[in-house]
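Have a look at the structure below before the remarks.
All chains are named by letter (A, B, ...) in the order of the sequence lines, taking the proteins before the strands, and each is independently numbered beginning at 1.
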4 protein chains.
Amino acid sequence: MPEHRPSGDDGPPLRADAQRNRARILNAAETVFAELGANASTEEVARRAGVAIGTVFRHFPTKNDLLAAIMKQLLARLVAEAGELNGPAGLFEFFERLVAQAAEKRSVVELLARAGMDLRLPDAVGRLEQALGGLLAQAQAGGTVRPEVALPEVMALLISVCQGALHGGWEEGLQKRTLGVIFAGLRPAAG
Amino acid sequence: MPEHRPSGDDGPPLRADAQRNRARILNAAETVFAELGANASTEEVARRAGVAIGTVFRHFPTKNDLLAAIMKQLLARLVAEAGELNGPAGLFEFFERLVAQAAEKRSVVELLARAGMDLRLPDAVGRLEQALGGLLAQAQAGGTVRPEVALPEVMALLISVCQGALHGGWEEGLQKRTLGVIFAGLRPAAG
Amino acid sequence: MPEHRPSGDDGPPLRADAQRNRARILNAAETVFAELGANASTEEVARRAGVAIGTVFRHFPTKNDLLAAIMKQLLARLVAEAGELNGPAGLFEFFERLVAQAAEKRSVVELLARAGMDLRLPDAVGRLEQALGGLLAQAQAGGTVRPEVALPEVMALLISVCQGALHGGWEEGLQKRTLGVIFAGLRPAAG
Amino acid sequence: MPEHRPSGDDGPPLRADAQRNRARILNAAETVFAELGANASTEEVARRAGVAIGTVFRHFPTKNDLLAAIMKQLLARLVAEAGELNGPAGLFEFFERLVAQAAEKRSVVELLARAGMDLRLPDAVGRLEQALGGLLAQAQAGGTVRPEVALPEVMALLISVCQGALHGGWEEGLQKRTLGVIFAGLRPAAG
DNA sequence: AATGAATGAGACTTCATTCAT
DNA sequence: AATGAATGAAGTCTCATTCAT
């Protein structure tokens, strides 16, 4: 009975070495996919993780499973990050952080993009939306964001701007000005 | 051995049939990559173009060359489209059209994304920027866009939102509301 | 438009070199599978055929397709052989020849065995049954085989005894005596 | 490092749990190979036996060893079965039982087939031949089988017809009629 | 110029076997 | 003795690219 962990159930706890390898693989995969894009080879992941190819497939029986796992980890991290933010400016802060990450971590976005496609991660994505919803509510309560703005377009803007940052390779100033426009669009009209 | 047309030079004019084939291949490629994504097989392109695989490689010695050519064609089309638009609302109109296309034409964006990477198309992109700059100037002249807004962030927003539309699969309403936020961010503060 | 020839249609005639390679591959495959059994590797087939692995897969997109093709060729050969035989002793002669072949050609049987399974060759098998039926009728007409004996059991005996010869590695004498029992069972009781 | 039992020697007696495991593995293997064929995975065997993969390899250092063990067990069972039969019709009865089993137990035959090949089981096979010899003698003594018929061809017929039954998937009627021909061939000529 | 067959590196995946726990 | 994680060779198949026709 090997260890695949498709989603919720944890099964018996992994042996220490297996856990270590699983983590290493996940990290290597994140790096590799970030550098080479989503169709980097699984062998490369194995090489960087310092394990044999078979080990990767023991933990993630399919390349897609590996991608899904990275994605899940990534989304969880984002949710956690969102959870730490508070107050009316939290939403904007979140945008900034994410975009900054996107600039360096190709996978953040490339994978986010596939979330709705081959990979099936509805709940993980759902949790992110929820967290984002919280930030939006706070921002609207604090008067930082117009009340008519709804969650879907905020999500859409977030993803868009991450993609843009990723593929465009924005330098710092550009990133700030681009977000500036979006933030201005979210704020209530100066009265 | 002529006939590759890496970029500027035209060389001897192509034979009529060769010209026809080149066009067919380009069209087929656009369709195929739009449908199957950027790593659809070159054979599939040949099949749809109704030519043999060798012919594709005679015209485009590398798959990347083919992608670059599509990109170039696409950008030219966008420039033309931008040229037809006028007045203070032209910029917004352009955004809307592009996003609408992105929703259907996968390649529009997937390729746009690679513009800065493996593919080298500085001049084609430059021309698009120029056209966009014209629209921006008109919008600012007409008071539709704040004067502080500069071309790079407009370009960045355009690309971002196209990517978002592509990967998110936005329905009509969402697309309108998302663009609404961006347009609000571009407009002068209501005074 | 490559050349796969799933079954009936011939499509455009293969180029001379392709035809030569196809034949080489088929021959190599027959040999290899005969020697190493049905799960010998496709690479080995390619090696013996003196072509690259890709060539094998161009002609037979799947290993199963290759097996099916061999099988078809084999059955056709058997049908032809059956067609050459005549008279009341033809059936027995056919048995003998087949068993003799089985002793050397592992595939003759191993593949025959899979005829009803993964490989789908109903018509090819059907033609063999038809030919065998002809021999049976002649034998019964000539009084060499009892009239109650029907085609299915003759087919069953033929396959059985081929399998047996294959896996048992019968020497000449044993083969003769074994068939002797079966022939005795087919003949009318001595009156 | 004890516990492999290549053939004759027994070594120190196995611990109770080890013995139990050995039996479980053997049973699981028989089932699995019967269902999935001889190249089912060893992991599957372990899974069904409810032990870890390492345990399987501790008991049977090689997959082939496992196959050999199954074979041995199977042959022993056949010998026992043959021992229970008596009288002039015993031989025919034995044929019928075996063929019936073959229809359901894929391994019975698939393994029998390999008896002479990679697996080395001369004595086990020898004992089966001996038992079969007994039945043959009785049948000949009782006048059910012609005196010229010798053991090797009986063995050959048995194996052949098992193979045929296995791969052909005979229905009941066909099985009966096929054996009918063979029995007729074994019986003394009427008269 | 076009054709399409051939090439061969490389992708994903499986599985017998070894070895640390 | 048992466990189960790790190994890595090997298998099937894909596809960009080359080259004989």
Side-chain angles (χ1 to χ4, degrees), chain A residues 1-3 12 14-22 39-44 46 50-64 66, chain B residues 1-3 14-19 21-22 39-46 51-64 66, chain C residues 1-3 12 14-22 39-44 46 50-64 66, chain D residues 1-3 14-19 21-22 39-46 51-64 66:
Chain A
M1 264 145 262
E3 301 309 335
L14 286 174
R15 253 166 47 178
D17 55 348
Q19 229 161 31
R20 202 171 48 245
N21 274 344
R22 198 189 137 91
N39 49 5
S41 88
T42 308
E43 299 238 28
E44 179 63 22
V51 302
I53 181 69
T55 304
V56 175
F57 280 90
R58 162 170 270 266
H59 287 281
F60 308 96
T62 277
K63 191 183 182 178
N64 246 344
L66 180 54
Chain B
M1 49 220 70
E3 308 332 334
L14 289 174
R15 257 168 45 178
D17 55 346
Q19 227 163 43
N21 274 344
R22 199 189 136 92
N39 48 6
S41 87
T42 310
E43 285 256 0
E44 179 65 20
V45 172
V51 303
I53 182 70
T55 303
V56 175
F57 277 89
R58 161 166 277 268
H59 286 280
F60 308 95
T62 275
K63 192 183 181 179
N64 247 343
L66 179 54
Chain C
M1 265 147 262
E3 301 309 335
L14 286 175
R15 254 166 47 177
D17 53 348
Q19 228 161 33
R20 200 171 49 247
N21 274 343
R22 198 189 137 92
N39 48 5
S41 88
T42 309
E43 300 238 26
E44 180 64 22
V51 301
I53 181 69
T55 303
V56 175
F57 280 92
R58 162 170 269 265
H59 287 280
F60 308 96
T62 278
K63 191 182 181 178
N64 246 345
L66 180 53
Chain D
M1 51 219 70
E3 309 330 337
L14 289 173
R15 258 167 43 176
D17 55 345
Q19 228 162 42
N21 275 344
R22 199 188 137 91
N39 47 8
S41 86
T42 311
E43 285 257 0
E44 180 65 20
V45 172
V51 303
I53 182 69
T55 304
V56 175
F57 278 89
R58 163 165 275 267
H59 285 280
F60 308 95
T62 274
K63 192 182 181 179
N64 247 342
L66 179 53

- [ ] Let me know the distance between CD of A:E44 and P of E:dC12, rounded to the nearest Å.
- [x] 11 Å
Open item on the list: Rounding to an integer number of Å, can you tell me how far A:L66 CG sits from E:dA11 C1'?
Closed with: 14 Å
Task: Distance test, side-chain N/O of A:T62 to OP1/OP2 of E:dC12, below 4.0 Å - done: no
Task: B:A18 or C:R15, whichever maps to the more 5' nucleotide of DNA chain E - done: B:A18
Task: Whole-Å gap separating P (E:dA16) and NZ (D:K63) - done: 4 Å
Open item on the list: Please classify the nucleic acid contact of B:A16 as base, sugar-phosphate, or nothing, using heavy-atom distances under 4.0 Å.
Closed with: nothing
Task: Nearest heavy-atom neighbours spanning A:F57 and A:T42 - done: CE1-CG2, 3.6 Å
Task: Nearest-Å distance for atom pair CD/P, residues B:Q19 and E:dA1 - done: 11 Å
- [ ] Measure from CZ on C:R20 to C1' on F:dT21 and round the result to the nearest Å.
- [x] 11 Å
Task: Between C1' of F:dG4 and CZ of A:R22, the distance in whole Å - done: 16 Å
Open item on the list: Judged by each residue's nearest nucleotide on DNA chain F, which is more toward the 5′ side, C:T42 or A:G50?
Closed with: A:G50
Open item on the list: Reading DNA chain F from 5' onward, which residue's closest nucleotide shows up sooner: B:I53 or C:E43?
Closed with: C:E43
TODO: Please determine if a side-chain N or O atom of B:H59 lies less than 4.0 Å away from the OP1 or OP2 oxygen of E:dA2.
DONE: yes
TODO: Might you point out which heavy atoms bring C:R22 and C:F60 nearest each other, and give the distance in Å?
DONE: NH1-CE2, 3.6 Å
- [ ] Assign C:A46 to base, sugar-phosphate, or nothing according to its heavy-atom contacts below 4.0 angstrom with the strands shown.
- [x] nothing
TODO: To the nearest 0.5 Å, tell me how far D:R58 CZ sits from D:N21 CG.
DONE: 11.0 Å
Open item on the list: So, does B:N21 get its side chain near the phosphate of E:dA2, meaning an N or O under 4.0 Å from OP1 or OP2?
Closed with: yes
TODO: Rounded to the nearest angstrom, tell me the gap between atom CZ in C:F57 and atom P in F:dA16.
DONE: 17 Å
Task: Pair partner, E:dG8 [Watson-Crick or wobble, under 3.5 Å] - done: F:dC15
Open item on the list: On a heavy-atom basis, which atom in A:N39 and which in A:K63 lie closest, and how many Å separate them?
Closed with: CA-NZ, 3.6 Å
Open item on the list: Please confirm whether the shortest side-chain N or O distance from D:R58 to OP1 or OP2 of F:dA1 is below 4.0 Å.
Closed with: yes
TODO: Measure from CG on D:N39 to P on E:dT14 and round the result to the nearest Å.
DONE: 14 Å
Task: G-U wobble or Watson-Crick pairing nucleotide for F:dA1 (cut-off 3.5 Å, both distances) - done: none
TODO: Of all the heavy-atom pairs spanning C:A46 and C:V56, show the shortest one and how long it is.
DONE: CB-CG2, 3.7 Å
Task: N or O in side chain of A:T55 less than 4.0 angstrom from F:dT7 OP1/OP2 - done: yes
Open item on the list: Let's see if you can work this out: which of F:dA5, F:dC15, E:dT7 has an atom nearest to the side-chain heavy atoms of C:V51?
Closed with: E:dT7
Open item on the list: With nearest nucleotide decided by heavy atoms, which residue, B:A52 or D:A40, maps closer to the 5′ end of DNA chain E?
Closed with: B:A52
